[in-house]
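First up is the structure itself, then whatever we jot down about it.
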Amino acid sequence: MADPSRLDREVLPDLKPPILVLADVDLTLTTAGATSVRIGTPPPRDGGWASVVLVASDPTSLRRMVSVLPALGRARTIVCACDGATAPLSFVVRPEWPALLGLDASVSPDGFARTSLRFAKGLPVADVLVEIGRYAALPVGRRNAGVFLAAGSETTAPPVDPALLVISSLVEAADPELKVPPGVVLVPAGTEVGDLPPHPVLGRAPVVVTTDDDLTIGPLDEAVLNPGGFARAWQRGIVDLDPSTRVTPRLVAALRDAQGVRVSWPADERTVAGLAMAGVPLLAPGVPDGSRVLLGDALADAVEAVADLDEPLRREEHSVRIRRAALARHSARGWRARVAARAGVRGASELSVSVLLATRRPDNLDFALRQVARQRGAEVELVLAAHGFQPDAAQVRDALGDRPYTLLSLSETTVFGNVLRAASDAASGDVVVKMDDDDWYGPDVVADLLLARGYSGAELVGMPAEFVYLEPIRTTVRRRGASETHASVVAGGTMMIDRSLLRSVGGFRGVRRFADAQLLASVRAAGGSVYRTQGLGYLLRRTSAGHTWDAGLGYFLARKSLAYQWRGFRPSLLLEHDPADLP
């Protein structure tokens with residue numbers, strides 16, 4: 001941590017000894033009765049501590065540390081301290097815990113967060129620290145993605161994975177007494193690997209995977225390193241990246257006001273990947289071959305690309321391209337998927353998506369079907385709810401190719417909310433996303449929403465209605481408004497939500513208008529959150545009539561909400577529109 005003496009001054013004097021302090025760096029303490037141990041080193045005993053303190057250099061380290069905790073036994077007083085925080089460290093008391101008698105949580109102006117807990121009786125220390133780690137960032141849920149891992153080093157630990165088995169030798173991973181054995185054992189490059197015996201639970205030996213080449217970077221924590229807080233405007237020009245800098249949330253925050261960051265090689269590839277995940281505009285020409293192997297071709301190509309950072313829209317498009325590539329490969333979820341593929345074991349499958357498309361305009365159907373068919377990077381099915389007409393199955397099949405679809409035909413007297421409800425009831429995907437029949441969708445819209453769902457932890461994600469084409473006056477506008485932030489409103493034609501959650505909040509209400517607003521209100525009333533990701537691949541169309549929400553063209557031209565205005569059709573390059581779809 002930045003100032004180890006702070007523990008002796010502000011934290012340890014209030015605790016009952018004996019005190020165990022676990023840290024991610026070596027600490028020298030002066031408080032009587034306090035023992036400091038660096039994470040990865042076994043403490044002198046596995047219990048009997050009156051107080052236990054976990055100290056982390058930043059939230060990223062904290063979430064990794066709780067995956068590799070040693071045997072700590074029980075204690076009544078548990079403290080977590082963390083530098084580089086923006087808010088107090090919180091948690092949720094689990095129902096099996098004893099009564100919580102005292103709670104003190106604070107964060108200083110310089111980012112030193114401290115949470116002190118006192119319970120009615122002793123409880124497993126590791127359980128409490130894991131929960132604090134979960135809530136040190138959103139999303140709080142962190143699954144092991146179906147791959148149980150063993151590792152000998154905390155440097156390869158995924159964030160908040162208490163199922164991770166920390167081993168000092170390979171043979172420990174095959175211990176027949178383990179009721180939940182690891183399926184994959186991670187070892188550094190150059191490790192001599194012999195044959196492990198079959199485990200009675202697995203029916204096979206754990207698979208040994210060397211963390212070299214494409215697994216060297218990661219897993220990086222997308223709950224901490226993500227585009228949240230991306231700034232479209234900048235206060236200073238392009239800055240150079242210090243090659244010795246380690247990526248942390250504090251570093252990302254310090255670079256948000258920069259026009260871009262110039263990377264000179266050699267550089268720390270882990271830092272480059274982490275900044276890319278956060279959407280920091282990077283310029284890194286001439287990626288060496290060795291670094292390209294570590295970063296992956298997609299990310300290396302993205303950071304090498306020539307980008308016009310003087311133009312705000314081109315700068316943001318560059319940011320989106322590099323964050324997509326980095327999150328797909330180096331996030332904890334992406335890294336685990338590559339571990340599973342390397343080991344040849346089953347991991348978590350990618351979420352399937354049901355696109356809900358309700359339309360009462362047969363003339364719009366060809367256009368709308370093309371917007372669905374062009375989606376890439378996601379497993380998509382279409383549920384087409386034709387409102388007042390019978391859709392042509394051959395037309396749909398020809399447009400979608402091999403994509404699955406379901407056709408519904410509802411009476412023209414059916415209220416719009418019930419049309420959407422019928423579509424969602426017919427959906428089979430893990431998540432559903434609502435698309436409108438007259439708006440333009442870039443090929444990565446569904447994939448971008450899935451990424452945002454993963455790093456935001458929000459129950460509903462969507463995009464802003466930021467780019468709008470005003471068809472009657474042949475004008476494109478870009479509206480003001482923040483993106484990559486938790487919000488109360490997103491564009492109705494981009495809303496993505498878990499199908500099970502949609503059902504639990506009552507689904508789409510049977511209303512004639514404002515069905516989107518009803519769903520947003522239902523999610524928030526149930527305690528859920530809404531996240532608005534970037535919307536460069538989405539273009540809202542406004543015509544003179546025919547919208548369930550029609551604020552008039554003047555609404556989109558109001559000076560207070562207008563950022564840019566262009567004559568003609570001027571979408572973001574990320575729309576990648578088909579010439580056949582030009583207005």
Side-chain angles (χ1 to χ4, degrees), residues 20 22-24 26 35-49 52 54 56 61-75 124-130 133 142-219 221 332 335-348:
L20 173 65
L22 286 168
D24 53 0
D26 292 321
T35 300
S36 174
V37 173
R38 184 166 182 165
I39 196 75
T41 303
R45 58 177 184 263
D46 60 4
W49 306 100
V52 176
L54 181 69
S61 181
L62 168 61
R63 285 166 59 85
R64 188 173 63 248
M65 289 171 71
V66 300
S67 298
V68 293
L69 294 172
L72 298 172
R74 295 171 174 262
V125 174
D127 290 355
V128 178
L129 294 177
V130 165
R142 177 61 58 203
R143 299 164 293 180
N144 72 4
V147 183
F148 285 84
L149 301 173
S153 170
E154 67 275 10
T155 59
T156 55
V160 196
D161 183 6
L164 179 75
L165 179 66
V166 181
I167 57 174
S168 57
S169 66
L170 277 174
V171 70
E172 293 178 41
D175 183 353
E177 297 300 317
L178 290 173
K179 293 183 179 179
V180 185
V184 179
V185 183
L186 304 173
V187 299
T191 303
E192 291 189 14
V193 179
D195 292 332
L196 294 179
H199 195 282
V201 173
L202 297 175
R204 60 168 175 82
V207 180
V208 179
V209 170
T210 301
T211 55
D212 56 0
D213 296 340
D214 65 325
L215 294 179
T216 299
I217 298 177
D221 192 347
W335 181 85
R336 280 186 179 275
R338 288 188 291 118
V339 169
R342 174 84 72 85
V345 300
R346 186 177 65 185

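- Trp335 and Leu215 get closest at one heavy-atom pair: NE1-O, 3.4 Å.
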Quick one: side chains of residues 200-211, donor-acceptor pairs under 3.5 Å with protein atoms, not counting sequence neighbours, listed by atom name and distance.
residue : atom : partner : partner atom : Å
Arg204  : NH1  : Gly183  : O            : 3.4
Thr211  : OG1  : Val187  : O            : 3.2

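- Applying the salt bridge (Lys or Arg N to Asp or Glu O under 4.0 Å) test to pairs two or more places apart or on separate chains, none has a residue in residues 169-184.
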Ignoring hydrogens and angles, write down the donor-acceptor pairs under 3.5 Å from the side chains of residues 66-74, residues two or more places apart or on other chains.
residue : atom : partner : partner atom : Å
Ser67   : OG   : Pro158  : O            : 2.7
Ser67   : OG   : Val160  : N            : 3.1
Ser67   : OG   : Asp161  : N            : 2.7
Arg74   : NH1  : Gly122  : O            : 3.3

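- The side chain to side chain donor-acceptor pair (under 3.5 Å) check on Arg45 picks up nothing, with sequence neighbours excluded.
- If you take CE on Met65 and CG on Leu22, they are separated by 6.5 Å, rounding to the nearest 0.5 Å.
- Rounding to the nearest 0.5 Å gives a distance of 10.5 Å between CD1 of Ile167 and CG of Leu149.
- Taking the side-chain contact (heavy atoms from CB on, under 4.5 Å) definition, one finds that Pro44 meets it with Thr35, Val37, Trp49, sequence neighbours left out.
- Side chain of Arg336 to main chain of Val147: a donor-acceptor pair is present (N/O by atom type, distance under 3.5 Å, no hydrogens or angles).
- Of all heavy-atom pairs spanning Leu178 and Ala173, the tightest one is CD1-O, 4.0 Å.
- In this view, Asp26 and Arg38 satisfy the salt bridge (Lys or Arg N to Asp or Glu O under 4.0 Å) rule, not counting sequence neighbours.
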